[in-house]
Novice: 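Would you mind keeping the following structure in view while I ask a few things?
Atoms within a ligand are numbered from 1 in the order they appear, just like the ligands themselves. All values below were derived from every heavy atom in this structure, side-chain atoms included, with hydrogens, water molecules and symmetry-related copies excluded. For reference, positions follow the sequence shown, starting with 1.
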Amino acid sequence: MPQDYDVLVVGSGIAGLSLALKTAAAGWRTAILTKKTRAESNTNYAQGGIACVTSDTDDFESHVQDTLTAGDGLCREDVVRSVVRDGPSRINELVELGLKFSRDPGGGYSLGREGGHSARRILHVKDITGRAIEDALLHAVAKNPLIHLMEHLFAIDLVTSGKFELDTGPNRVVGLYALDVISRKVKTFRAPAVILSTGGAGQVYLYTTNPGIATGDGVAMAFRAGVAVENMEFIQFHPTTLYSKTHDRFLISEAVRGEGAVLRNFAGETFMAGYHPLADLAPRDVVARAIDSEMKKTGAEHVWLDITGKPESILQDRFPLIFDRCRKIGLNLSTDRIPVVPAAHYTCGGVVTNLDAETPLPGLFACGEVASTGLHGANRLASNSLLEAVVMADRGARAIHAYLSSSRPDLPEVPHWVSGDVHDSDEQVVISHNWDELRRAMWDYMGIVRTTKRLERARTRIGTLKREIHDYYWNFRIEPRLLELRNLIQVADLIVQCGLQRAESRGLHFTLDHLEKSESPVDTKVVLEPGAVDEVPGL
Ligand code: FAD
Ligand code: SIN
C-alpha cells in the first residue's frame, strides 16, 4: 500500500525542516523523508552564520549591492531584493523557536564579517551556527503531530502522472519511490505536493567541505523528471579548508578572516591585496583563484591562514569548534599558522524555481541549496545560503498552501516498484572505484581553473562511467551507494554541460579559453531530451 500525505518533503536540513513546520502549521499532513539520521545535512556543519540586516548601521540596499556584486552580473535582482527584505522576519521566527544567536556584551547580536560583505551582518552561534539551527528546528518538528519524520528513507525518483500515463490530466508530480535503507525494500509515497530540499552536490569533487549526504540527489531526480536545471557550472570552492596529508580536511570559516586572519603564501608574504581591493575579504571566487594561482606559482601544496597574535582566550571563545579541531592535530590558532587549500563547497545552480519555490512541473517544489532561484548568480555571497533556505521555505510553504487549496485532481493509482530478477552485486569494488574516478576527474578537469579541452576530457570520462553505472543500476539490487553514484554522475554531467555552454569567464566559471566576460550574460540550462528518460526498473 502506498503511504499518502498532503506534502512530502525530501531532506531534513534547514530548508526541509523550515518548510515542513509551515505546511503543518497550515494544517497539511506533512512527511519528511531523510536518507540518513535526521540531523545529517550540510546545515548541521555550517559555521559562519546567516547574513541578515539587523543592525542600525546596516541597510537592505548594502546587502543587495554586495549580493549583486558577488554574483557578477547574473543574479536576478527582484529575487535578491525579496530575500534580503524577508530576512529579518525569518530570523525572528528562528529566535522564537529557541535559537540563541551569539550576543555582544551590550546585549545586541554579535555580528560577524565575511568575504564580499561591506558591513558586519552575519548572525552566528559561535562557529556552530548550523548545529544550533538543526537542533532548534528538529525540536519544533518533534513536537508537531502533523509532521511525520522518517529516517533512512532514500528518495530514488519522482513519480509523474505523464511518465506513467496514470491519468489524462496535465503532467504533474504525484509522489515518489524511496528505498528503505534498513529493510532494503522500495516504498511508494503519494502526495500532491513534493518538495526537494536535498541540499548540494559537493561530493562530486575529490576534496569538499560537504558531508557524505551531498550527492546532488534532488538535482538528478528533478532532471530525470524533465525539469530544467541551470547554472551548474557555478560550483563554489571555499578558499580555506585545513590542508593535511594525515587528517580529515575540514572547513576553517571565512569568519576567521572576518576577525583579522590573513592569507600568506609559502614565502610568508600576504598576497590578497594584489588581487582585490577588499584583500582577504574579497568575494570567494576571487580568493579561491588567488590561492590557486599562488600555489601554482611556487609549486606549494597549500597556503597559510594566519591569525597568530590574537589572544588564545578570544579565539577559543569565538571559534570553539575550529580551535578544538586544530588543537587535536597539534595546531594552536593563536600561535601557529594554519595550512589551508580551497575545496568544493556550494552548488550555486540547481533546479529552476521561481520566487515561490515552484518548479515548472506542477506539484514539484524545490527549496534550499538544491534550487536555483537566481539569488546567487555566478557566485554566492558568504552566508546567503542559510538565509535563502529559510526565506524560500516560507515562500514555498505559502505557495504549497495555495496549490493544495485550489481544485486539483485526485491522486491516481501509482504502480508498485518491481525489482525483477536482480541480485546483490559481488563486485562492490566497481562502485567504489567509479566514485573515486568520477571525483578525481571532476577535481582535475572541472576545478577552479578550466579549459574547453579539460571539460571535454571530463565529459568523455563521465560518459564511460554513466554507461557502466547504468548497467549496474539495472542488473543489481539497488543500495544507497549505487543510487548516490548514479546521481553524482548525472550531476557531474550537468556541471560539465553547463560549463561547455558558457563561453566566458564569470564568477566561479573561469576558463583560460574565454578570459573575457560576455556583455549580455545568460543562464546556462539543461533539460532532458524527450525520449531519453531513464526508466524505473520493473515498470
Ligand atoms: P542540507 O542541509 O544539505 O539538507 C539536505 C537534506 O536532504 C539532508 O537531510 C540529506 O540527508 C537529505 N537528502 C539528500 N538526498 C536525499 C535523498 N535522496 N533522499 C532522502 N533524503 C535526502 N551557508 C551559510 O549561509 N552560512 C554558513 O555559515 C555556511 N557554512 C557552511 C559550512 C559547511 C561545512 C558547509 C558544508 C556548508 C556551509 N554553508 C553555509 C552552506 C549551507 O550550510 C547549505 O547550503 C545549507 O545548509 C543547505 O541547506 P539545505 O536544507 O538546502 O540542505
Ligand atoms: C564559512 O563559515 O566560511 C562558510 C560560510 C558560507 O558558506 O556561507
Novice: Answer with side chain, backbone, both or neither: which part of His124 has a heavy atom less than 4.0 angstrom from an atom of ligand 2?
Specialist: neither
Novice: Applying a 4.0 Å heavy-atom criterion (strictly less than), which segment of Asn42 is in contact with ligand 1: side chain, backbone, both, or neither?
Specialist: both
Novice: Does Gln47, backbone or side chain, put an N or O under 3.5 Å from an N or O of ligand 2?
Specialist: no
Novice: So is Ser253 polar-close to ligand 2, meaning N/O to N/O under 3.5 Å?
Specialist: yes
Novice: Does some non-hydrogen atom of His345 fall short of 4.0 Å from ligand 1?
Specialist: yes
Novice: Could you work out, for atom 11 (O) of ligand 1, the closest of Glu114, Met221, Glu484, Glu40 by heavy-atom distance?
Specialist: Glu40
Novice: Under 3.5 Å between any N/O of Ser383 and any N/O of ligand 2: does that happen in this structure?
Specialist: yes
Novice: If the cut-off is 4.0 Å to any non-hydrogen atom of Arg380, which atoms of ligand 1 fall inside it?
Specialist: 23 (N), 24 (C), 25 (O)
Novice: Which part of Gln47 is near ligand 1, with near meaning a heavy atom under 4.0 Å away: side chain, backbone, both or neither?
Specialist: backbone
Novice: With a 4.0 Å cut-off on heavy atoms, is Ile14 touching ligand 1?
Specialist: yes
Novice: Check whether the ring centres of Phe323 and Phe319 lie less than 6.0 Å apart, and answer yes or no.
Specialist: no
Novice: Counting heavy atoms only, which part of Ile156 comes closer than 4.0 Å to ligand 1: side chain, backbone, both or neither?
Specialist: neither
Novice: Take Asp66 and Arg121 through the test side chain to side chain contact (heavy atoms under 4.5 Å, CB included) and record every step on the way to the result.
Specialist: CA-CA 11 Å; Asp66 292 347; Arg121 67 166 68 98; 2.8 Å; yes
